[in-house]
Number of protein chains: 2
Amino acid sequence: MNLTVAEENYIKSIYKLQDGNTVVSTNAIAYELATKPASVTDMAKKLKEKKLIDYEKYQGISLTPEGRKIALQIVRRHRLWECFLVDKLSFSWNEVHEIAEELEHVRSEKLITRLSNFLGNPTTDPHGDPIPDAMGRISKSQPLVSLDKATARRLEVAGVSDQSSSLLEFLNAKGIRLGTQLDIIERYEFDNSVEVKIRNQPAFTLSEQVSKNIMVKSL
Amino acid sequence: MNLTVAEENYIKSIYKLQDGNTVVSTNAIAYELATKPASVTDMAKKLKEKKLIDYEKYQGISLTPEGRKIALQIVRRHRLWECFLVDKLSFSWNEVHEIAEELEHVRSEKLITRLSNFLGNPTTDPHGDPIPDAMGRISKSQPLVSLDKATARRLEVAGVSDQSSSLLEFLNAKGIRLGTQLDIIERYEFDNSVEVKIRNQPAFTLSEQVSKNIMVKSL
DNA sequence: AATATTATTTAGACAAATCTAAATAAAATA
DNA sequence: TATTTTATTTAGATTTGTCTAAATAATATT
Ligand SMILES: [Mn+2]
Ligand SMILES: [Mn+2]
Ligand SMILES: [Mn+2]
Ligand SMILES: [Mn+2]
């Protein structure tokens with residue numbers, strides 16, 4: 001199965017959007033890929049032809065088992081490259097997504113096997129997302145709680161639900177990254193903001209907008 | 001200047017073929033890129049439009065200074081990735097070309113700067129070819145001699161002029177790589193073959209075909 | 001149920017990169 | 001120089017991925 005870069009990007013988006021849902025809508029894919037619904041319909045026909053998706057017009061789109069297998073390979077490549085960029089080239093987590101978006105399309109079994117090995121076969125990427133193994137097995141990311149709903153006092157940052165560069169940049173500036181331990185100092189009902197503290201640093205306040213997108217686990 | 005992968009591949013081929021020559025022919029480029037002369041003519045018009053090559057019909061093709069600058073960037077990326085694959089992922093030199101052929105098109109200044117740094121800013125790639133620096137400066141590869149014409153008795157392998165996977169694989173199997181030291185045992189006029197010896201190994205014979213493509217310097 | 005809104009598909013077009021076959025120019029040879 | 005061969009270009013198609021505008025289907029609202 002030899003796929004173009006465009007086809008790979010569609011497969012990956014469908015995988016991402018499907019998560020739980022039975023089918024994905026034409027519009028959702030168009031929005032995700034910053035393209036037009038008409039283009040999605042065109043591509044849907046091609047991917048159906050290749051038996052990578054199930055698709056009947058007006059009925060939404062879902063990956064076939066084969067499509068899912070390919071999606072997991074692409075996700076694996078994407079996340080391994082993100083690890084490489086952060087761990088070996090000292091990029092910060094907000095800079096790696098766009099670059100990995102290109103690197104993920106370099107197809108070579110051997111390259112990915114060796115890259116994974118070189119990185120110590122990591123199981124999560126710099127954003128806390130699980131990395132599928134060579135067989136496409138992916139650990140169910142334990143259901144995390146968002147910071148605005150967490151109950152414990154001491155928490156560890158385990159992921160972000162919004163991966164926009166603007167959020168990641170903000171967190172970066174505040175010194176919040178994966179594995180950072182936070183203490184909840186105070187919650188303000190008024191605007192649902194929350195005051196938090198990182199060891200050896202003055203406390204600061206996070207808006208609801210932000211705390212909603214920080215996924216944490218208690219220690 | 002935003003170039004497509006195809007445009008980058010053309011620019012790189014023209015750079016490679018120009019080397020010394022004033023202009024490059026349509027056919028030479030077609031052969032190098034395994035495409036058809038008609039396609040080269042089409043692309044020549046586009047690249048001229050973008051002011052990356054000088055081209056008048058029937059007069060051959062040459063890079064403009066701007067085109068040359070871009071070629072050097074692509075060559076830099078290609079060779080740095082080759083270093084990465086060999087030095088960090090333990091690929092052998094005959095396996096890296098195809099993969100680097102894809103990696104070279106991932107465009108990110110920062111990525112390449114950091115990759116170079118991570119590798120210790122190497123100045124030659126695994127095939128002995130010089131790596132242009134960030135400014136596009138490239139060290140004139142000292143004019144090497146091919147093994148079949150070398151005069152000294154003890155030689156060091158400094159490059160290969162044919163980079164086909166078949167030659168590299170052969171050399172690999174014989175234990176010949178960049179920096180390998182060879183002693184000339186005997187030259188046979190009959191078929192221009194040459195018997196060589198690597199330290200701690202039995203001597204063996206190389207055909208003229210092979211020795212022509214091994215570039216060496218004396219020690 | 002009729003109407004309005006939203007989602008999706010179709011029709012027709014375009015740019016990029018390629019091809020084959022035919023036409024033309026340049027170079028080599030007799 | 002005339003002829004043959006080789007190199008290059010043009011003309012016309014094809015594939016991939018995209019778009020806009022118009023048509024149609026599904027859903028929501030009165
Ligand atoms: Mn991508
Ligand atoms: Mn990620
Ligand atoms: Mn390439
Ligand atoms: Mn090389």
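Letters A, B, ... mirror the listed sequences (proteins, then strands); counts begin at 1. All heavy atoms count here, side chains included; hydrogens, waters and symmetry mates do not.
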What residues, two or more places apart in sequence or in another chain, satisfy side-chain hydrogen bond (donor to acceptor under 3.5 Å, both in side chains) together with [X]?
| X | result |
| --- | --- |
| N172(A) | S92(A), N94(A) |
| S193(B) | D191(B) |
| R77(A) | E8(A) |
| K16(B) | E32(B) |

Check whether E102(A) reaches the backbone of I99(A) with its side chain - one donor and one acceptor, N or O, closer than 3.5 Å.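 Looks like no, no N/O pair under 3.5 Å.
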Less than 4.0 angstrom from a charged side-chain N to a carboxylate O is my criterion; do E104(B) and R79(B) meet it?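 So E104(B) does not pair with R79(B) through a salt bridge.
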Qualifying residues under ring pair (Phe, Tyr, Trp, His ring centres under 6.0 Å), relative to Y10(A), sequence neighbours excluded: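 Counting only residues at least two positions away or on another chain, Y10(A) forms no ring pair (Phe, Tyr, Trp, His ring centres under 6.0 Å).
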Near DNA chain D, which residues from residues 1-36 of chain B have a heavy atom under 4.0 Å away?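 Result for residues 1-36 of chain B: S25(B), T26(B), N27(B), sorted by number.
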Return no unless some side-chain N or O of [X] is found under 4.0 Å from OP1 or OP2 of [N].
| X | N | value |
| --- | --- | --- |
| K45(A) | dT10(C) | yes |
| S39(A) | dC19(D) | yes |
| K46(B) | dA17(C) | yes |

Shorter than 3.5 Å, N or O on both sides, protein versus nucleotides 21-28 of chain C: list them out with atom names.
from    : atom 1 : to     : atom 2 : distance (Å)
dA25(C) : O4'    : Y58(B) : OH     : 3.4

Take the protein atom CG of D42(A) and the nucleotide atom C1' of dT8(C), then report the distance between them rounded to whole Å.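 So the CG-C1' distance, D42(A) to dT8(C), works out to 12 Å.
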Gap between atoms NE2 and P, on H105(A) and dG17(D) respectively (whole Å):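 Value for this atom pair: 12 Å.
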Determine which pairs satisfy ring-ring contact (aromatic ring centres under 6.0 Å, His included) with at least one residue from residues 85-125 of chain A, sequence neighbours left out, and list them in order.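 Non-adjacent pairs meeting ring-ring contact (aromatic ring centres under 6.0 Å, His included): H78(A)-H97(A).
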Watson-Crick or G-U pairs under 3.5 Å in DNA chain D, rendered as dot-bracket with [ ] for crossing pairs and | for another strand: ||||||||||||||||||||||||||||||
Going by the rule salt bridge (Lys or Arg N to Asp or Glu O under 4.0 Å), which residues pair with K45(B) if we only count those two or more places apart in sequence or in a different chain?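 Not a single residue meets the salt bridge (Lys or Arg N to Asp or Glu O under 4.0 Å) criterion with K45(B).
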Apply salt bridge (Lys or Arg N to Asp or Glu O under 4.0 Å) to K110(A) and list each qualifying residue two or more places apart in sequence or on a separate chain.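 If we apply the salt bridge (Lys or Arg N to Asp or Glu O under 4.0 Å) test to K110(A), skipping adjacent residues, the hits are E95(B).
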Out of dT8(D), dC19(D), dG17(D), which nucleotide sits closest to the side chain of M43(A)?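 Between dT8(D), dC19(D), dG17(D), the one nearest the side chain of M43(A) would be dG17(D).
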Listed partners of D133(B) passing side chain to side chain contact (heavy atoms under 4.5 Å, CB included), at least two apart: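 Checked D133(B) against side chain to side chain contact (heavy atoms under 4.5 Å, CB included); matches are M135(B), R137(B).
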